Student: 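So that we are looking at the same thing, I have put the structure below in structure tokens.
This chain uses plain numbering: 1 for the first residue, then up along the sequence. Please read all numbers here as calculations on a predicted model, not as lab measurements.
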Amino acid sequence: MDFFYFLSLFFSLKKIKMFEHFKEQNFFSPKTLRVHHLKNARILPPRARIFPKENQAPWAGGVFDEHFQFVGGVSRFDWHLNKPPAWGDCAGTYPTLKKEWQTLKLDAIFGGIILGQFGHFLVESLARFWWIAQNPQDFRPIILLKGEGWWKNPQAGGGGGANLKSTQFVEDFLNLLNIDSSRLIWLDKPSIVEHLSMAEESVHSFTSFTKEHCALLDKIAQNAAKMHENAPKIPKIYLTYSKAAGNAQCLNENLFEEFFQSQGYTVIAPETLPIAQQIALMANAQEVATTLGTTAHLTMFCAPKTQLIALLRVLEANIPQLLIQQMRTLNWHWVNVSYNFLPTHPTFGVRNLHFSEDFKQLAHQLWGEQALNTIGHLSQREKTENYLNAWLELHAQPGNFKSYLNQTSAFDFLNQMSQTLNGKTLNHQDFIKPRLPFFKRIKRALLIQMRGQIKKMLRAILPFCVVFFLYDQIRQNKMLARICGIEFQKN
């Protein structure tokens, strides 16, 4: 049975409805996947569009046929659903020069666009490998593209980090599918490939997964478990985010590490282990706890019915994780532990964790009354002072300010504080002037227009009025002097 905790007052009604909608969604797609065999295929490495149009993917590139008709790139939604492109999608062409192109006389397989952030690599970059896994006797070279703007140090479960110059983590991962690194060809320029086979995507992280993708994950998990079959099995694991590099911090996670250790969990920082070992641990685990994000995505390699406790560090719906939980039939619990009273981006910034009433209720249900005695305590001062210092240190940097806070309004600050501290979501409409009826708006616009025209006219004639006034004064003074002179002569 699934347990979905959003009892905290910190949740707004809108977010509860959003969670409920995706929680009940059926992500399984029964469609039959195809493989495209292309002659003289055109391949464009991904490139960001500076000003994408409304129905354009933010990244251009992918695979095209010899007539330059688009065949495939990256899509977080099924194409047939006619959904607008999501952030991270890659599709369409961009201008190139003839001298930029190279011709490769190859008979190859297209492996896909590889995203360097580890969480997105897990949920989106494996989508075309199902066919390669089904055909282990096909030893043709595999063409891969780097997703521009995504190629960050994956930290193997920790997310974020500096630019990655090595593709070792991809090679280690594909080794679990018995794909030798000598078969991989990383293209970084527009290319024409003589013969290319490209499988359709077996998963779209926002909408659907297929039976082929489940079989792919099973094979990866089985191979990893075999590689580490002599290693000790750890039934209860807490995957910590506290050791990860990058621009995301989780304050007070050490208290949750201590709590779960007291319940028999082993705390593991996944980025410190080889990828095969990470997956083997997940394949053999019976219970997994972690914060909701990249580390939670590793549960795609867990066995069915594995228990997952996901701690919400921000109040956002992680749709790919919901898809993973349904795909692997996990027994899952989501519980809100966030205490972010300042604006916090889902993938960037400082996350402030605390033992919420939701968490205490879950702990009581799973482990009984005695578990509540092992919950650490944070004073109100500790929860706020440490958070403020870390938040200021991160966002006071000009680069970080431009990337996020520069687009945050004063109302966003006020609403975030109201939600977290008072449990009340503010209505933005209450903080703006009420809208006038249609005809009154027309009347007001005309009056404003007329007022503006009158001001322009007055500004135009004012110099003439001043000149005329001065001339008139001078003329009157001359007449007065003349009269006074005449009267003086008469006397």
Side-chain angles (χ1 to χ4, degrees), residues 1-8 10 157-159 228 231-244 248-273 277-278 280-299 301-303 305-314 321 325 330-340 350-387 390:
M1 178 181 178
D2 293 348
F3 296 90
F4 193 78
Y5 286 90
F6 42 75
L7 303 175
S8 172
F10 303 157
H228 295 272
K233 310 294 189 292
I234 305 176
K236 302 170 76 172
I237 297 173
Y238 180 87
L239 296 176
T240 180
Y241 193 85
S242 59
K243 308 295 188 297
Q249 304 175 44
C250 275
L251 301 183
N252 308 320
E253 190 177 8
N254 61 307
L255 297 180
F256 287 90
E257 294 173 9
E258 294 170 5
F259 171 81
F260 280 100
Q261 279 182 314
S262 70
Q263 304 307 315
Y265 285 69
T266 301
V267 176
I268 293 174
E271 67 274 13
T272 62
L273 303 174
Q277 189 175 350
Q278 296 178 44
L281 287 171
M282 293 294 100
N284 294 313
Q286 298 172 11
E287 298 180 20
V288 178
T290 186
T291 54
L292 188 59
T294 294
T295 52
H297 293 343
L298 283 169
T299 57
F301 303 107
C302 287
K305 307 304 177 184
T306 300
Q307 177 178 277
L308 168 65
I309 299 173
L311 309 176
L312 272 69
R313 54 194 185 185
V314 290
Q321 184 60 35
Q325 290 161 184
L330 304 180
N331 290 329
W332 53 277
H333 311 255
W334 280 17
V335 56
N336 172 35
V337 297
S338 66
Y339 193 71
N340 305 313
V350 178
R351 291 78 177 266
N352 196 23
L353 310 184
H354 78 137
F355 290 110
S356 63
E357 291 304 314
D358 286 358
F359 184 83
K360 293 176 183 177
Q361 180 180 344
L362 176 62
H364 183 271
Q365 177 182 334
L366 294 180
W367 301 293
E369 186 71 31
Q370 69 277 9
L372 300 179
N373 299 326
T374 61
I375 289 180
H377 176 70
L378 274 177
S379 67
Q380 190 69 20
R381 180 176 179 178
E382 288 175 310
K383 283 196 294 187
T384 55
E385 188 172 326
N386 296 341
Y387 175 55

Student: To check you understand the geometry: which heavy-atom pair defines the closest contact between Ser338 and Asn336, and what is its length?
Tutor: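 Where Ser338 meets Asn336 most closely, the heavy atoms are OG-OD1, 2.8 Å.
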Student: Looking at Ala296 and Thr299, what are the two nearest heavy atoms and their distance?
Tutor: O-OG1, 2.6 Å
Student: Side-chain contact, heavy-atom cut-off 4.5 Å: Ile237 with Glu287?
Tutor: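 The answer is no, as the side chains (C-beta and beyond) never meet within the 4.5 Å cut-off.
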Student: Establish, from distance only, whether the side-chain atoms of Asp358 and Ser356 form a donor-acceptor pair under 3.5 Å.
Tutor: no
Student: Between Leu308 and Gln321, what is the shortest heavy-atom contact and its length?
Tutor: CD2-NE2, 3.5 Å
Student: Which heavy-atom pair separates Phe259 from Ala363 by the least distance, and what is that distance?
Tutor: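 Where Phe259 meets Ala363 most closely, the heavy atoms are CZ-CB, 3.9 Å.
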Student: To the nearest 0.5 Å, what is the distance between CD on Gln325 and NE2 on His297?
Tutor: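 Result: 10.0 Å between the selected atoms.
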Student: If we count only N and O atoms by modelled type, under 3.5 Å, do the side chains of Glu257 and Tyr238 hold a donor and an acceptor together?
Tutor: no
Student: Drop me the distance from Lys233's NZ to Gln286's CD, to the nearest 0.5 angstrom.
Tutor: 11.5 Å
Student: State, with a plain yes or no, whether a side-chain heavy atom of Trp334 is found less than 4.5 Å away from one of Ile309.
Tutor: no
Student: How close do Ala280 and His228 get, heavy atom to heavy atom, and via which atoms?
Tutor: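 That closest heavy-atom pairing would be CB-CB, 3.9 Å.
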Student: In the structure I gave you, are the side-chain heavy atoms of Val350 and Tyr387 within less than 4.5 Å of one another anywhere?
Tutor: yes
Student: Run Val335 and Leu311 through side chain to side chain contact (heavy atoms under 4.5 Å, CB included) and show every step you take.
Tutor: CA-CA 5 Å; Val335 56; Leu311 309 176; 3.6 Å; yes
Student: Might you point out which heavy atoms bring Gln261 and Val267 nearest each other, and give the distance in Å?
Tutor: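 Reported closest heavy-atom pair: CG-CG2, 3.5 Å.
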Student: For a 4.5 angstrom cut-off between non-hydrogen side-chain atoms, does Leu353 reach Leu251?
Tutor: no
Student: For the atom pair CG (Leu292) and OG1 (Thr290), what is the distance rounded to the nearest 0.5 Å?
Tutor: 8.5 Å
Student: Picking from Phe359, Tyr265, Tyr241, what satisfies ring-ring contact (aromatic ring centres under 6.0 Å, His included) with Phe256?
Tutor: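 Between Phe256 and the candidates, ring-ring contact (aromatic ring centres under 6.0 Å, His included) is satisfied uniquely by Phe359.
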Student: Within a strict 4.5 Å, meaning less than it, do heavy atoms of the Leu255 and His354 side chains meet?
Tutor: no
Student: Run the numbers on Arg351 and Val314 for side chain to side chain contact (heavy atoms under 4.5 Å, CB included), then give the verdict.
Tutor: CA-CA 7 Å; Arg351 291 78 177 266; Val314 290; 4.0 Å; yes
Student: Is there a side-chain contact between Ile268 and Leu273 (heavy atoms, below 4.5 Å)?
Tutor: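 Side-chain contact under 4.5 Å: yes.
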Student: Pair Ile234, Asn284 - check side chain to side chain contact (heavy atoms under 4.5 Å, CB included), show working.
Tutor: CA-CA 7 Å; Ile234 305 176; Asn284 294 313; over 6 Å; no
Student: Is any side-chain heavy atom of Gln307 less than 4.5 Å from a side-chain heavy atom of Val288?
Tutor: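 They are not in side-chain contact.
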Student: Measuring from Ser262:OG to Ile375:CD1, what's the distance to the nearest 0.5 Å?
Tutor: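 Reported to 0.5 Å precision, the distance equals 8.5 Å.
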Student: Roughly how far, to the nearest 0.5 Å, is the CZ atom of Arg313 from the OG1 atom of Thr291?
Tutor: 4.5 Å
Student: Any side-chain heavy atom of Cys302 within less than 4.5 Å of one from Leu330?
Tutor: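 Touching, per the 4.5 Å side-chain cut-off.
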Student: Quick check for you: to the nearest 0.5 Å, what is the distance between Thr295 atom OG1 and Leu239 atom CG?
Tutor: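 The CG atom of Leu239 is 6.0 Å from OG1 of Thr295, to the nearest 0.5 Å.
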Student: Checking Asn352 side chain against Asn340 main chain: does a donor-acceptor pair fall under 3.5 Å?
Tutor: no
Student: Between Thr240 and Ser242 (side chain of the first, backbone of the second, donor and acceptor by atom type, cut-off under 3.5 Å), is there such a pair?
Tutor: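 Present.
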